[in-house]
Undergrad: 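Before anything else, here's the structure in question.
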Amino acid sequence: MNTATNAGPRRRSAVVRWPDRDAALLWAFAVVAAVELVAVATDVPAAQWLAKPLLAPLLLAWLWRVHAADRPIAVGLVLATAGDVALLVPSDTAFLVGMGCFLGTQVAFSTAFAGHRRPRPAAVAGYLTLWAVANALLWPRLGDLRLPVLGYSLALSLMAATATAVGRRVAAGGALFLFSDLLIGLGAGGTRLPEHDVLVMATYSAALFMISTGWAGRASDRGRGRRPRRRSGPARPPA
């Protein structure tokens, strides 16, 4: 029963809230990520097909629950899901399709990040320098993948640079995303680290988590920063 005398219809608060029922989606993400890492380490393709396509959708569902699923971020996570599925198929064509999907992810994320605040020129210059050095080193080893990797890695580097303007958590996610894909590039060039594939998936999963939760935190801070509007006119109706 509403006992307020002059209460109008309640509006949903702009502040992002993370109740326990929403945090369950993050726990589900953690469990699925763990299953994926074990499946990669033990080379069980069926488990990888089960777990990997769920990573980005779980984070998107969580962002939707906490009212932080802005359209570019949502599009980026949808494209990441498509890319994850494509990269599960062992063929060069599927690899290029997956790269194209993740190119869309980088463009979508960059659009969201740049719309929040412009990155510092030093961050952009640093990541572009890293892009140039990495491609110079990998160029002789990539063969027919040279140009696709060149274009994709440029979009990836710009995403990581724009992420620095959002906050530390999103910036860390952007850096992890770049590092994960750099490992993929090294593998394509014939250089593999110990537990290479596990390291790729661990850094990728962490990148998605950091970007998603960091973006939601940015939305929460923006909501708390809004000041309530003052009522205009008399506080009480004239007699």
Side-chain angles (χ1 to χ4, degrees), residues 14 16 29 55-60 62-64 66-84 87 98-138 147-186 200-226:
V16 176
F29 172 83
L55 292 171
L58 283 171
L59 290 174
L60 179 56
W62 177 76
L63 285 170
W64 185 269
V66 300
H67 314 303
D70 300 79
R71 181 175 296 178
I73 297 296
V75 169
L77 290 173
V78 169
L79 289 172
T81 303
D84 283 338
L87 292 179
M99 186 183 296
C101 291
F102 277 108
L103 174 62
T105 294
Q106 310 310 337
V107 172
F109 283 176
S110 296
T111 300
F113 301 158
H116 174 71
R117 186 183 296 117
R118 291 184 180 180
R120 293 181 178 180
V124 176
Y127 272 111
L128 288 180
T129 300
L130 178 60
W131 166 77
V133 171
N135 277 276
L137 294 175
L138 290 174
L147 292 180
V149 168
L150 185 71
Y152 172 74
S153 60
L154 176 59
L156 175 63
S157 299
L158 291 175
M159 183 279 295
T162 56
T164 61
V166 181
R168 292 180 180 179
R169 183 179 289 263
V170 176
L176 284 170
F177 212 136
L178 187 147
F179 180 71
S180 179
D181 282 2
L182 178 59
L183 290 175
I184 294 177
L186 287 173
V200 167
M201 281 309 305
T203 50
Y204 168 67
S205 300
L208 289 184
F209 179 85
M210 297 292 280
I211 289 173
S212 298
T213 56
W215 186 256
R218 171 214 60 88
S220 177
D221 292 340
R222 183 177 60 184
R224 285 194 295 267
R226 292 179 179 174

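Atoms considered below: every heavy atom in the structure, side chains included; atoms not considered: hydrogens, waters and symmetry mates.
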Undergrad: Is there side-chain contact between Asp84 and Met201, with heavy atoms separated by less than 4.5 Å?
TA: no
Undergrad: If we ignore hydrogens and angles and just use 3.5 Å, is the side chain of Ser180 paired with the main-chain N or O of Leu176 as donor and acceptor?
TA: no
Undergrad: Are Val149 and Met99 side-chain neighbours, meaning at least one heavy-atom pair lies under 4.5 Å?
TA: yes
Undergrad: Of all the heavy-atom pairs spanning Gly174 and Ala160, show the shortest one and how long it is.
TA: O-CB, 3.7 Å
Undergrad: Do you know which two heavy atoms are closest between Gly173 and Ala207, and how far apart they sit?
TA: O-CB, 3.3 Å
Undergrad: Is it the case that the side chain of Arg169 and the backbone of Met210 share a donor-acceptor pair, with hydrogens and angles ignored and the cut-off at 3.5 Å?
TA: no
Undergrad: For side chain to side chain contact (heavy atoms under 4.5 Å, CB included), just list the numbers for Trp62 and Phe29, CA-CA rounded to whole Å, side-chain angles, deciding distance to a tenth of an Å, and then say yes or no.
TA: CA-CA 10 Å; Trp62 177 76; Phe29 172 83; over 6 Å; no
Undergrad: For residues Gly76 and Thr105, report the shortest heavy-atom separation together with the two atoms involved.
TA: O-OG1, 2.9 Å
Undergrad: Run the side chain to side chain contact (heavy atoms under 4.5 Å, CB included) test on Val75 and Phe109 for me, step by step, so that the C-alpha distance in whole Å, both residues' side-chain angles and the decisive distance to 0.1 Å come before the verdict.
TA: CA-CA 8 Å; Val75 169; Phe109 283 176; over 6 Å; no
Undergrad: Are the ring centres of Tyr204 and Phe177 closer than 6.0 Å?
TA: yes
Undergrad: State the CG-OG distance between Asn135 and Ser157, to the nearest 0.5 angstrom.
TA: 7.5 Å
Undergrad: Of the non-hydrogen atoms in Leu60 and Ala69, which two are nearest, and what is the gap between them?
TA: CD1-CB, 4.3 Å
Undergrad: List the atom of Ile211, the atom of Val170, and the distance in Å for their closest heavy-atom pair.
TA: O-CG2, 3.9 Å
Undergrad: Within the 4.5 Å heavy-atom criterion, are Thr164 and Val124 side-chain neighbours or not?
TA: no
Undergrad: If I compare all heavy atoms of Ser110 with all of Met159, which pair ends up nearest, and what's the gap?
TA: OG-CA, 3.0 Å
Undergrad: Can you measure from OG1 (Thr111) to CG (Asp70) and round to the nearest 0.5 angstrom?
TA: 12.0 Å
Undergrad: How far does OG of Ser212 sit from CG of Leu63, to the nearest 0.5 angstrom?
TA: 5.0 Å
Undergrad: Is there side-chain contact between Trp131 and Leu182, with heavy atoms separated by less than 4.5 Å?
TA: no
Undergrad: What's the separation between atom CG in Leu55 and atom OG1 in Thr81, rounded to the nearest 0.5 Å?
TA: 8.5 Å
Undergrad: Would you give the length of the straight line joining atom CG of Leu59 to atom CD1 of Ile73, rounded to the nearest 0.5 angstrom?
TA: 11.5 Å
Undergrad: Looking only at side-chain N and O atoms, does Ser153 offer a donor or acceptor that is under 3.5 Å from a partner on Asp181?
TA: no
Undergrad: Let me see the working for Tyr127 and Leu178 under side chain to side chain contact (heavy atoms under 4.5 Å, CB included), right down to the final yes or no.
TA: CA-CA 10 Å; Tyr127 272 111; Leu178 187 147; 3.8 Å; yes
Undergrad: Are any side-chain N or O atoms of Ser205 and backbone N or O atoms of Ala202, one a donor and one an acceptor, separated by less than 3.5 Å?
TA: no
Undergrad: State, with a plain yes or no, whether a side-chain heavy atom of Leu128 is found less than 4.5 Å away from one of Leu158.
TA: yes
